[in-house]
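When reading the values below, keep in mind they use all heavy atoms of this one structure, side chains included, and skip hydrogens, waters and symmetry mates. Because the structure is a prediction, the values reported are computed rather than measured.
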Number of protein chains: 2
Amino acid sequence: MKLSTKGRYAVMAMVDLASNSKGQPIALADIAERQEISLSYLEQLFAKLRKGGLVKSVRGPGGGYLLAHPIEESRVSDIIVAVDEPIRATRCAPGSPAGCRSNRSRCLTHDLWEELGNQIHLYLSSVSLADICNKQVLGTSGVISHTSAPGHAADPASRASAAE
Amino acid sequence: MKLSTKGRYAVMAMVDLASNSKGQPIALADIAERQEISLSYLEQLFAKLRKGGLVKSVRGPGGGYLLAHPIEESRVSDIIVAVDEPIRATRCAPGSPAGCRSNRSRCLTHDLWEELGNQIHLYLSSVSLADICNKQVLGTSGVISHTSAPGHAADPASRASAAE
DNA sequence: AGTATTCCCGACTGGGGCAGTCAAGATTGG
DNA sequence: CCAATCTTGACTGCCCCAGTCGGGAATACT
């Protein structure tokens with residue numbers, strides 16, 4: 001799960017598509033103008049979104065793109081996965097952490113990144129395009145809780161820099 | 001909150017430092033060998049960690065680096081923040097989303113990324129070096145819950161690709 | 001048929017940051 | 001003094017993002 005501006009552009013465009021389409025296709029040129037994204041760049045992104053099965057295309061005059069799924073079932077995580085190429089998570093071989101186990105105690109951090117990836121994916125899976133259109137992204141009500149983390153759970157803002 | 005290999009290296013090194021130091025300083029050369037990271041590159045990282053106040057340095061023979069804080073109070077989020085330079089979150093001006101409000105409906109996604117950043121930061125703040133050393137990173141017991149997201153909370157693995 | 005509109009595809013480019021190297025200088029223990 | 005170690009700065013190669021360009025294919029409209 002990579003988080004770059006690329007994925008953000010894709011989500012912006014998909015939100016625009018979701019909120020402006022009333023059943024008829026939307027031309028990329030419209031989205032490009034509204035979201036102030038280069039048209040040619042958008043074409044690249046939507047090529048991937050189409051291959052990922054997230055949008056359907058209609059060619060010819062009056063054509064454009066349509067959501068392939070109902071707005072409530074279009075998850076943000078799917079968009080990002082479709083657009084961003086996967087990143088090699090640690091330095092371990094994908095799948096089996098064979099490279100980790102070779103010299104033990106090396107990838108103590110492996111579990112951490114894996115779990116973090118799960119957390120991010122889980123959160124983004126819980127947000128649909130409908131949620132964003134309805135502004136239901138939920139504010140700063142802390143949601144993550146470390147099930148077994150006593151002790152340093154206190155003083156949450158001592159050295160905590162502003163979340164960027 | 002940026003997530004690159006750079007931050008991972010830093011965390012790996014800090015975990016190594018935490019688990020191998022018994023009060024006496026650890027030379028970077030040792031960490032470099034154990035973690036298979038270039039020594040010169042580690043030097044750069046630890047320069048930032050030192051400026052961030054996460055480690056203390058001891059010069060001269062027998063010198064090296066020490067954790068500046070107790071192992072339980074060294075949070076992963078602090079390490080990553082210290083090492084990775086901040087990323088411009090959206091395309092909005094940092095702080096006030098003035099650029100967003102200019103043409104409305106553009107940054108509907110703004111809240112999403114901001115909230116996601118909070119989630120990540122919150123999770124990484126909840127993990128200390130002590131947790132990692134004790135392998136208490138907690139497995140795949142889903143922790144995030146969308147407080148107000150009924151409906152599409154079901155079928156969690158239908159199109160969910162393998163978490164990478 | 002012809003034309004305009006739109007998607008589709010591949011190649012190309014400039015820049016930024018990561019990963020890593022190299023070469024010095026500063027500081028301290030033996 | 002000398003060796004070990006941190007400290008600093010400049011330098012490099014490379015990959016990928018963001019964006020551009022030129023053309024080609026499908027379709028609606030006249």
Any side-chain N or O of A/Arg50 below 4.0 angstrom from OP1/OP2 of C/dC9?
yes
Partners meeting side chain to side chain contact (heavy atoms under 4.5 Å, CB included) with A/Ala27 (sequence neighbours left out)
A/Asp30
Base, sugar-phosphate, or nothing: which does B/Ala47 touch, judged by heavy atoms less than 4.0 Å apart?
nothing
Check nucleotides 25-30 of chain C for protein N or O atoms closer than 3.5 Å to its own N or O atoms and list the pairs.
unit_1	atom_1	unit_2	atom_2	d
C/dT27	O4'	B/Arg59	NH1	3.3

CG of B/Asp30 versus C1' of D/dA4: gap in Å, rounded?
12 Å
Which nucleotide wins on minimum distance to the side chain of A/Ser57, given the candidates C/dC8, D/dC6, C/dC18?
C/dC8
Would you say that A/Ser74 contacts A/Ser128 through its side chain, given a criterion of any heavy-atom pair below 4.5 Å between the two side chains?
no
Would you say that B/Glu43 contacts B/Leu28 through its side chain, given a criterion of any heavy-atom pair below 4.5 Å between the two side chains?
yes
In whole angstrom, give the distance that lies between atom NZ of B/Lys56 and atom C1' of D/dT7.
18 Å
Using the side-chain hydrogen bond (donor to acceptor under 3.5 Å, both in side chains) criterion, which residues pair with A/Ser77? Sequence neighbours excluded.
A/Ser125
Would you tabulate the nitrogen or oxygen pairs shorter than 3.5 Å linking the protein to nucleotides 20-22 of chain D?
unit_1	atom_1	unit_2	atom_2	d
D/dT20	OP2	A/Ser38	OG	2.7
D/dT20	O4	A/Gln44	NE2	3.0

Without decimals, in angstroms, what is the distance between A/Leu45 CG and D/dG19 P?
10 Å
Is any side-chain N of the basic residue among A/Asp16 and A/Arg34 closer than 4.0 Å to the acidic one's carboxylate O?
yes
In short, ring pair (Phe, Tyr, Trp, His ring centres under 6.0 Å) pairs touching residues 42-67 of chain B with sequence neighbours left out are B/Phe46-B/Tyr65
Qualifying salt bridge (charged side-chain N to carboxylate O under 4.0 Å, His left out) pairs, either residue in residues 46-56 of chain B, two or more places apart
B/Lys48-B/Glu85
Value in whole Å for how far the C1' atom of C/dC9 lies from CG of A/Leu42
16 Å
Quickly work out the B/Arg8 CZ to C/dC18 C1' distance and round it to whole Å.
12 Å
Side-chain N,O (A/Tyr9) to OP1/OP2 (D/dG19) below 4.0 Å:
yes
What residues form a side chain to side chain contact (heavy atoms under 4.5 Å, CB included) with A/Ala32, not counting sequence neighbours?
A/Leu39, A/Leu42
Residues in side chain to side chain contact (heavy atoms under 4.5 Å, CB included) with A/Pro61, at least two apart?
none
Take the protein atom NZ of A/Lys6 and the nucleotide atom P of C/dG17, then report the distance between them rounded to whole Å.
17 Å
Using atom CG of A/Leu49 as one end and atom P of C/dC7 as the other, report the distance to the nearest whole Å.
13 Å
Under 4.0 angstrom, heavy atoms only, what part of the nucleic acid is A/Tyr65 near: base, sugar-phosphate, or nothing?
sugar-phosphate
In whole Å, what is the span from the NZ atom of B/Lys48 to the C1' atom of D/dT8?
14 Å
